[in-house]
Each structure stands twice: as C-alpha cells, then as structure tokens.
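The block underneath contains the structure these notes are about, expressed in structure tokens.
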Amino acid sequence: MRSVIDELPGSKIREVANAGIGRDDVLAFWFGESDEPTPDFIRQAAVASLAGGETFYSHNLGLPELRDALARYTSALHPTLTVERIAVTSSGVSSLMIAMQALAGRADEVVAVVPVWPNLTAQPAILGATVTRVSLKVRDGAWTLDLDALLAAVTDRSRVLLINAPNNPTGWTLTRDEQRAILAHCRRTGTWIIADEVYERIYFEPDSAAAPSFLDIADPQDRLVVVQSFSKSFLMTGWRLGWLVLPETLTPAVGKLIEFNTSCAPVFVQRAGLAALAQADAFVPGLVRRLKQCRDLLIPQLRALPGVQVATPRGGMYAFFRVEGQDDSLAYARQLVASSGLGLAPGAAFGDEAEGWLRWCFASQDPARLSLGVQRLRRAIEAARL
Ligand SMILES: Cc1ncc(COP(=O)(O)O)c(C=O)c1O
C-alpha cells in the first residue's frame, strides 16, 4: 500500500454517523443531501431507458444529446459555450478526480481554499501532489476570503488552484471582483483553476439564477476547469452523474481519462440527466425557493440559542455554526448523537481550520424536522450550562 493512501484520514462525518446507525430516533442532518427523493419525471426517464434495453456502453464523453443539452443549459446561465467543452462524468466527485488527474501529478503544488469538503484535498494527495491550504477567515461570524493571502500563495510554481464556491461547509461565495482578481493572477502565474461550482444553482440572492461563476468572466481558452454535478440541483445524489466544462484543447485528454476511470456514465442515468435538464426551468427555481425557506427557518432559530454563532449563507445547503465552549467538534457531534439524537457533521471533517464548528444540512422536505432538531440542540446547550 502506498503510504499516502495509508495516511488519508477516514471520514469524520461517517464516524459520527456510524455512532447513530440502527437508531431511528436520530434526526440526521450530517450528510450533504436532501431527504427528498429524485423527482418522478427524472426517475421515469431512467425506467424507460432500461425498459428499452439501453444497457450498453456510451461514448466516453457522454451521449451526444446530453452533451448538447448541457452546452445549452450552461449557455443559458453563462456566456455561450460550445459542446466540445463538455464532458459527462459519473458524478461531481469523479469530475473533480478526473480534472485533477489531468492537471496535477507527483510533487506538483495544488493550492486549495479551505475549509472544504475533504474529497477535494484528498484527491491531489492521492495523486502525490502537495496541497497548500489557504484558509478562509472568520469576520463577524462569517467565513470570508483573505484575497491577499490567496494571491500570495499562488505563485508560478502552483499548478492548480482548487476553489469551491458556494462553499461546502461554510456557505461562503465568491464575489465577482474576487473572481476577476483571482483569474487575472492565475493568468500571470500560469496556474490552472479547478472551480467546484456544484452549488451554483443553490444560491439565494434575489434575481440570480446562479452564483457568480468563473465561466462568466473567463475566455474559452483560459486555464479553467469547472466541476459540475446533477446531485444538488436535481436531487440526484444517488445517481452519480456530473460534468466538466473544459477548454476545448483539454477535452480529448479528459475523454481518455474517463475511459480509464469509468469508461462512461451509465446510459439510463444519462437519460435521467436529459430529462432533468429538459425540466430545469420548471424544477430548479422551486427547489431553491424551498431550500431558502429551510435556511430562513433554521438560521434565526440557531442564532437565538445561547452561545451560538452563525452567519446566514448566501449559497449551498448548510448552516455552519459554533457553540461557545465546545471546541472539539468530533467529540461534541458524537455526544449530540448519543445523548440528544441530533446528527450533525463535525467541522474538523473539513480541515483543522474548521475545528470547533458544526455543519447542519438544512435541505429537508419537512421544515418541522429542523425546528425539532433546534429544540434538541437547545436542551443539550442548556444542560451543558447547568
Ligand atoms: C463541494 C462539493 N463538490 C462536489 C461534490 C460531489 O457531488 P457528487 O459526487 O454527488 O456529484 C460535493 C458533494 O457533497 C460537494 O459538497
């Protein structure tokens, strides 16, 4: 076994979840997914595909009609792009891995904005790259970017800048000005940007169909790879379908990498993706409205608890907060499961920078569950203060 694999930390979210396995009294908000199943019109498209015998391999880069639909979908949100820039993958996490395999190898430097979903930083480590972490900073309770620190960390020795916004777990989003400064800097240093924008639609600012994207400001030839997924915007976490937006020159290499990773996404899953995109305008805004209701219910209730510090996230599906006096997030999350039946993700799962914080996924069909969870947290906080 390569030592780098041995040294990878296990998932601390799983560690907490395992402590609650077999207990149906636990309110679980630890994983990054809604408790609502995939819409029926999407499921039916997969059923029809299987019934029609679509059980074979497809092109490495995806069904031509799905690539076309993705080019149209992306062009409706951002400047027009060509279908040659699209590659279909078997999930957002596979998109991330393939992008990293294409761009960074042994001893290459990858700069990552953290805290972040741990898969992003584990992947370059698996490939033997070194990861330089640049931490977001807490200002007035909200996680914000120290742009000067980030620009100082990205040098002409940096192969890749890895940046996830809207961010899991903090809810931090990039501003247009920050994006411009980062893109201009990376053009100077020759650094690739891998932008994980899987939460771009889960964005709550008025009159915005999507969070600011690097696609809005970059040229087609820029060293920019955008990572995307069907998981969050279409409630399709279990389907494992994603895509990449690439400079055209990178697409053939990515096709080769897909061959050696998964060969292709399953055709019936791609058909489900096509159905999702066909109804995107009818479905996604409603989902975002419901998620905003969840956010607007949970955050004020959390903020009203004694000793709780929480900012309102502009995007994503997470409340990221801390409870005064609770500095060991893994121990506290385990304790909340064991004694209060409340399942949260420990901040430490996203890096040392987030120690002492907790992540609460608020994507729920039943907002009353969120209030019930808050009651449990209140009781736990009050009991600890006695
Ligand atoms: C920031 C981020 N990127 C990528 C993913 C991957 O999503 P999936 O592999 O389900 O498409 C997730 C999932 O939680 C995520 O939070």
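Ligands are counted one by one from 1 in listed order, and the atoms in each one are counted from 1 as well.
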Give the C-alpha distance, both sets of side-chain angles, the deciding distance and a yes or no for ring-ring contact (aromatic ring centres under 6.0 Å, His included) between Trp243 and Phe230. CA-CA 8 Å; Trp243 74 96; Phe230 283 81; 5.1 Å; yes

Nearest non-hydrogen atom to [atom] belongs to which of [options]?
atom	options	result
atom 3 (N) of ligand 1	Val93, Asp196, Thr89	Asp196
atom 11 (O) of ligand 1	Ser229, Gly238, Ser95, Pro166	Ser229
atom 12 (C) of ligand 1	Tyr318, Phe31, Trp117	Trp117

Distance-only donor-acceptor pairs under 3.5 Å for side chains of residues 275-291, two or more places apart:
unit_1, atom_1, unit_2, atom_2, d
Arg290, NH1, Glu36, OE1, 2.6
Arg290, NH1, Glu36, OE2, 2.9

Is the ring pair Phe362/Phe204 parallel, tilted or perpendicular, if the boundaries are 30 and 60 degrees?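 Phe362 and Phe204: tilted rings.
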
The answer for which part of Phe230 has a heavy atom under 4.0 Å from ligand 1 is neither

Distance under 4.0 Å to a non-hydrogen atom of [X]: what atoms of ligand 1 satisfy this?
X	answer
Ser231	8 (P), 10 (O), 11 (O)
Arg240	8 (P), 9 (O), 10 (O)
Asn164	1 (C)
Val198	2 (C), 3 (N), 4 (C)

Is it true that, when you exclude Lys137 itself, more than 12 heavy atoms of the residues, nucleotides or ligands shown sit nearer than 6.0 Å to its NZ? yes

Verify the neighbour count for atom CZ of Arg223: are there more than 12 heavy atoms of other residues, nucleotides or ligands below 6.0 Å?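 No.
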
Applying ring-ring contact (aromatic ring centres under 6.0 Å, His included), run through Tyr199 and Tyr318 and close with a yes or a no. CA-CA 11 Å; Tyr199 294 101; Tyr318 310 103; 5.8 Å; yes

Give the residue and atom name of whichever protein heavy atom lies nearest to atom 13 (C) of ligand 1, and the separation in Å to one decimal. Lys232 NZ, 3.1 Å

Contact check: Tyr199 vs ligand 1, nitrogen or oxygen atoms, below 3.5 angstrom: yes

Looking only at distances, please establish whether an N/O atom of ligand 1 is found under 3.5 Å from an N/O atom of Leu96. no

Look at ligand 1 and say whether Glu33 reaches it with a heavy atom at a distance under 4.0 Å. no

Distance-only check: which donor-acceptor pairs under 3.5 Å involve side-chain atoms of residues 79-86, not counting sequence neighbours?
unit_1, atom_1, unit_2, atom_2, d
Thr82, OG1, Glu248, OE2, 3.1
Arg85, NE, Leu246, O, 2.8

Test side chain to side chain donor-acceptor pair (under 3.5 Å) on Thr237 and Glu33 and set out the steps. CA-CA 7 Å; Thr237 48; Glu33 62 185 351; 2.5 Å; yes

